[in-house]
Amino acid sequence: MNSLLVGLGGFLGAISRYTISQRLNKPIPGFPYGTLTVNLVGAFLLGWIAGGDLAEEGLLFFGVGFMGAFTTFSTLHLESIQLGKPGRWGKTFLYLGLTYTGGILIALLGYLLGTALFSG
């Protein structure tokens, strides 16, 4: 049953990531806004989930399955390399800075909100 929960969550997370990335990357070419958005939203939601009081099944479905497929570490790195190819390292560093610094801060915010909403 646990594997089914992770698999179903992963399926829905991957479809969600693909849809959001495609919609946000197309209108504004030259910067991976879709992946940035997915990773920052994912960091917040995972922090919120971690701060909440979900049962094991909820953690497996949302935390491991959905969030594991929704956020994308490999695409982040590929797009970082592609941004810097023609000597545009400024965009690369902006993207990585927003992703990592923003991700940590927004995950903390999600965790604090999850803890406040679901505790006692």
Atom pair CZ/CG of R17 and N39 - distance to nearest 0.5 Å: 9.0 Å
Show every side chain to side chain donor-acceptor pair (under 3.5 Å) that has at least one partner inside residues 42-66, sequence neighbours left out. none
Give the cluster check for I81 versus F73: same hydrophobic cluster or not, with ILVMFWY residues linked at side-chain heavy-atom distances below 4.5 Å. no
With sequence neighbours excluded, what pairs up with F11 under the side-chain contact (heavy atoms from CB on, under 4.5 Å) test? I15
Using a side-chain heavy atom cutoff under 4.5 Å and only I, L, V, M, F, W and Y, what cluster partners does Y18 have? none
Using side-chain contact (heavy atoms from CB on, under 4.5 Å) as the criterion, list what pairs up with F66, not counting sequence neighbours. L12, S16, F70
Within 6.0 Å of CZ in F44, more than 12 heavy atoms from elsewhere: yes
Nearest 0.5 Å please: distance from the CG atom of L83 over to the OG1 atom of T92. 4.5 Å
Kindly write out the residues that satisfy ring pair (Phe, Tyr, Trp, His ring centres under 6.0 Å) with F31, not counting sequence neighbours, or none if the list is empty. Y33, Y95
CG-CE distance between L45 and M67, expressed to the nearest 0.5 angstrom: 4.5 Å
Distance, nearest 0.5 Å, that separates CD1 of I106 from CG of L40: 6.0 Å
In the structure I gave you, are the side-chain heavy atoms of V64 and L59 within less than 4.5 Å of one another anywhere? no
Nonpolar side-chain network containing W89, other nodes, edges under 4.5 Å: F93
Under the side-chain contact (heavy atoms from CB on, under 4.5 Å) rule, collect the residues that match up with L108, sequence neighbours excluded. L112
The remaining residues in the hydrophobic cluster of L4, counting side-chain heavy-atom contacts under 4.5 Å among Ile, Leu, Val, Met, Phe, Trp and Tyr, are M1
With rounding to the nearest 0.5 Å, note down the distance linking OG1 in T99 to CD in E79. 9.0 Å
Pairs flagged by side chain to side chain donor-acceptor pair (under 3.5 Å) wherever residues 58-74 is involved - sequence neighbours left out: T72-T75
Find the distance between CG (L94) and OG (S80) and round it off to the nearest 0.5 Å. 10.5 Å
With a cutoff of under 4.5 Å between side-chain heavy atoms, which Ile, Leu, Val, Met, Phe, Trp and Tyr residues group with I104? none
With F61, which residues qualify under ring pair (Phe, Tyr, Trp, His ring centres under 6.0 Å), at least two apart? none
